[in-house]
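For reference, the structure discussed in these notes is given below.
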Amino acid sequence: MPVNDWFTNAERWFEANVVGAPELATFGFGMLGVLVLALLAVAFSLVRSVLKSLRNEAGARAARNDKSPGYRILVARPTGQRAGRAWKWLLSSLESYVPEFSFGAPLKVFRTGSIRGGVETRAVQRARRRLQTADADMLVWADRTGRKEDGFVVHGLSRGGGLTPAEARLFTLTLPGRMSHLEGQMQRVAAYFLARELQPALANPQSFRPEKMKTLSNALSDILEDTPALPLPLRSRIEADFCASLVHIAEQSGDIEALEQVIMLRRIHLDDIKNDQDASRAVQAHMDLGRALLAKATKQFDRKTVEAAIGHLSKVIEALQADPTIKRAQAASDAMYKAQNLIETRKRFAVNFGA
């Protein structure tokens, strides 16, 4: 049978047994409509993606081109539930309260598009590229997963301390997800921790004059007193910084009342240490308590107070001696001492017996 006849018979059989020409035409028209809609959807998605990229690039470029003095922070729109409201809250926290903890240093906030994926590798890489484009001091992004106590998770990259975008420190701050729990002092709480990442020296009160630390300790005291529902991990961190700053102030001023406050808070923390899984905070508590007791004994000598201070400071030394980094530093120090001793021995040998 010729090939043309075979195709003709097949077409007739298909029309007779499967679908007629009118139905086939309707089916073809429907498929064409679906195809057009699919192409429009793809085109719309591409246009939206391009516009989003351009908007993100514009925000980053605006930060780079801004030459005004002070800190520059790039804030990405949060992802998740009620992201718009969470974004406004985060922007307000940064703009209103970070300067308070940065001792009045100028601050400018720039907006950018969402960064999805939390701290997954691809998300962090995307954040680093955007931070580099903006040449900002910090990039903050967030995800609101729900209304639980850990439902609002803020991530960031900070160049505090003179780091490059590639070296920027990655950090995470976990806040309550319920918006009603983010009212009151919680904006100051978030601002303090973000300022701490922006200016790492805040964790070391000795880097500042006591007058500046007095301002910081007063602000932290207000937070601790006015935020009873503050989650325990955040309260512990703020309390540790508050005590460290207060000890620094009291050592210089001899303020016995301030020392008594530190002693009380640190003893309470050590009594409740089972609830704190961060061993470094226990070490910090012993350090603060030991220093506070010693400063108190300097003003009001008491042998038992000095002995208690020695006991707490000894625990700090024991904990640090077990740290691998400290062990390596001690080994390097011992080796350097041997090298210097060898040079001195050779010098004495040369003087006494000739070269």
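These numbers were taken from a predicted model, which means no experiment stands behind them.
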In the structure I gave you, are the side-chain heavy atoms of [X] and [Y] within less than 4.5 Å of one another anywhere?
X      : Y      : result
Leu175 : Leu234 : yes
Lys315 : Met287 : no
Leu289 : Ile263 : yes
Met179 : Gln81  : no
Asp288 : Leu265 : no
Arg147 : His181 : no
Thr172 : Val153 : yes
Gln132 : Arg128 : no

For [X] and [Y], work out which heavy atoms get closest and say how close.
X      : Y      : answer
Pro78  : Ser114 : O-OG, 3.8 Å
Ala297 : Thr305 : CB-CG2, 4.0 Å
Arg130 : Thr112 : NH1-OG1, 3.1 Å
Phe152 : Ala142 : CE1-CB, 3.7 Å
Leu198 : Met138 : N-CE, 3.5 Å
Trp87  : Ala76  : NE1-O, 3.6 Å

Please report the interatomic distance [atom1]([X]) to [atom2]([Y]), rounded to the nearest 0.5 Å.
X      : Y      : atom1 : atom2 : answer
Leu94  : Lys108 : CG    : NZ    : 15.0 Å
Asp137 : Glu197 : CG    : CD    : 13.5 Å
Leu216 : Ile249 : CG    : CD1   : 8.0 Å
Leu246 : Arg291 : CG    : CZ    : 11.0 Å
Leu224 : Gln185 : CG    : CD    : 9.5 Å
Ile238 : Cys243 : CD1   : SG    : 12.0 Å

Joint cluster assignment, [X] & [Y], ILVMFWY side-chain distance < 4.5 Å:
X      : Y      : result
Leu91  : Tyr97  : no
Leu294 : Val262 : no
Ile310 : Ile317 : no
Leu170 : Leu163 : no
Leu194 : Phe242 : yes

message: Closer than 4.0 angstrom, basic N to acidic O: yes or no for Asp135 and Arg159?
response: yes

Backbone N or O of [Y] within a donor-acceptor pair of the [X] side chain at under 3.5 Å?
X      : Y      : answer
Arg144 : Gly177 : yes
Ser93  : Trp89  : no
Ser92  : Lys88  : no
Ser221 : Ser217 : no

message: Is the ring pair Tyr192/Phe101 parallel, tilted or perpendicular, if the boundaries are 30 and 60 degrees?
response: perpendicular

query: Trp141 vs His155 aromatic rings, parallel, tilted or perpendicular, using cut-offs 30° and 60°?
result: tilted

message: If you count every heavy atom of other residues, nucleotides or ligands that lies below 6.0 Å from Arg169 atom CZ, does the total exceed 12?
response: yes

message: Just checking Arg126: does its CZ atom have more than 12 heavy atoms from other residues, nucleotides or ligands closer to it than 6.0 angstrom?
response: yes

message: Run the side-chain contact (heavy atoms from CB on, under 4.5 Å) test on Leu202 and Asp241 for me, step by step, so that the C-alpha distance in whole Å, both residues' side-chain angles and the decisive distance to 0.1 Å come before the verdict.
response: CA-CA 8 Å; Leu202 284 175; Asp241 289 354; over 6 Å; no

task: Start with the C-alpha gap between Phe171 and Phe193, add the side-chain angles, then the distance that decides, and say whether ring pair (Phe, Tyr, Trp, His ring centres under 6.0 Å) holds.
output: CA-CA 10 Å; Phe171 65 88; Phe193 285 114; over 10 Å; no

Intermediate values then yes/no, side-chain contact (heavy atoms from CB on, under 4.5 Å), Met186 and Leu230: CA-CA 8 Å; Met186 284 303 296; Leu230 188 64; 3.7 Å; yes

task: List the steps, then state whether side-chain contact (heavy atoms from CB on, under 4.5 Å) holds for Ile115 with Leu139.
output: CA-CA 10 Å; Ile115 297 177; Leu139 169 62; 3.9 Å; yes

